[in-house]
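All ligand and atom numbering here is 1-based and tracks the order in the structure.
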Amino acid sequence: MVTALPETARQVVFPARDEISVLTAAVPAPGPDDVLVRVALVGICATDLHLLAGHIGDPFPLVPGHEFVGEVAALGERAAADRGLAVGDRVAVEMLLPCRSCARCREGRYNLCERDDMATGLPRGRQYGVNIPRTVEPGLWGGYAEYLHVPAEAIVHRLPADLPFERAVLVEPLAVAHRAVARGRVAPGDRVVVIGPGPVGILTTAAARAAGAGRVVMVGTRDERLALATRFGADAVVNSRTSDDLAQAVRAALGGADADVVIEIAGVAAAQNDAVRLVRRGGRVVLAGACGAAVPVTFLADEELLTREPDLLPSFLSAGGFEPAIALLTRDTFPFEQLVTHRFGLDDVETAFETIRGRRDGVLKAVLDPSA
Ligand SMILES: [Zn+2]
Ligand SMILES: [Zn+2]
């Protein structure tokens, strides 16, 4: 299969804080080590809205989007040989471009890569769609676009040819969920509580179930989302807004015992406090929610931490999560398509953001289709 190489690509660009444009960029032929990916679908993440609002540094002008899947449009000779890829193959690319040589990369924690080569114009140690400005050549560093530049550092995963993109587009949030579950060392039979029924939270109930959790309880504030979690592996749900005694309600939902593992994915300080209070003595607390700004969280040092010895385990990005995520998406265990509620073209990104901000039309996960 041969796809004609495009000369230009359309991109959504954040030229500056609170500004959105749709621009065209030149598409150079890939170098020997590079892959050019045609973006099929890209998920819109809360992070993208935080970026636009200027909550995450000053990466402008920025092409946002880190939840992309697509197919190989062209690739260099060495990239084809090294990666075993060919034009037309379906792929997912991890958002982080690790250097593969710093101490953290070498110990396998590449999500914590310590390199930052931006001074020399290289994106090593940085993240697609988050902190690689469009001014870095060739400018194709975000998923809200028709094409994406994939250099040698990038981690590329092959997607099964028969996995629909509508399902595959959840691979990054599901990989984040898998990492959170792995950080919490969720083992068969564990009682697991997940706080925050957004897309990643709901996918975390699925990942916990897939890891063998004995009982999974979802905690949140919106009933329709909590109801959806029961289709993704939650045995019971608790609305934290309407329950008088959250700890007691969760204990009852867990069958009369406290949680072995609590995974917080709400991204608010109150949820992180709840997570520490809800876990059993000596249990594991995974803090996976991004607050999107500098938010202090305070715990009672003796009462909540010292005398109860919970393991506090922050979980950042998706390292190690893509392959289990692809395996789970390939099985029919959960109705993943139900999470993708809205689809927009690149020109309609402002409408998409308004829909998400206003929580309109029951939006859960909205995606952009650059070919629409
Ligand atoms: Zn995301
Ligand atoms: Zn590194």
Practice prompt. Check R284, R281, R183, R185 against D311 for a salt bridge (charged side-chain N to carboxylate O under 4.0 Å, His left out) and give me the one that passes.
Written response: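 Only match with D311 under salt bridge (charged side-chain N to carboxylate O under 4.0 Å, His left out): R185.
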
Discussion item. Looking at the Zn ion (ligand 1), is there an N, O or S atom belonging to E172 that lies under 2.8 Å away from it?
Written reply: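 No, since none of the N, O or S atoms of E172 sits under 2.8 Å from the Zn ion (ligand 1).
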
Practice prompt. Give a yes-or-no answer on whether the side chains of R115 and S101 include a donor-acceptor pair shorter than 3.5 Å.
Written response: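 Side chains of R115 and S101: pair found under 3.5 Å.
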
Worksheet item: Would you say the side chains of E94 and Y110 form a donor-acceptor pair under 3.5 Å?
Response: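 Judged by distance alone, the side chains do pair up.
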
Item to complete: Specify which N/O/S atom of E67 comes nearest to the Zn ion (ligand 1), by atom name.
Response: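 This turns out to be OE2.
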
Discussion item. So, of the N/O/S atoms that H66 has, which is the nearest one to the Zn ion (ligand 1)?
Written reply: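 Per the distance ranking, H66 contributes NE2 as its closest N/O/S atom to the Zn ion (ligand 1).
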
Practice prompt. Indicate yes or no: at least one non-hydrogen side-chain atom of L203 is less than 4.5 angstrom from one of T205.
Written response: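 Not touching, per the 4.5 Å side-chain cut-off.
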
Practice prompt. Have a look at the Zn ion (ligand 2) and estimate, to 10 degrees, the angle subtended by SG (C102) and SG (C99).
Written response: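 The angle at the Zn ion (ligand 2) comes to 110°, rounded to the nearest 10°.
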
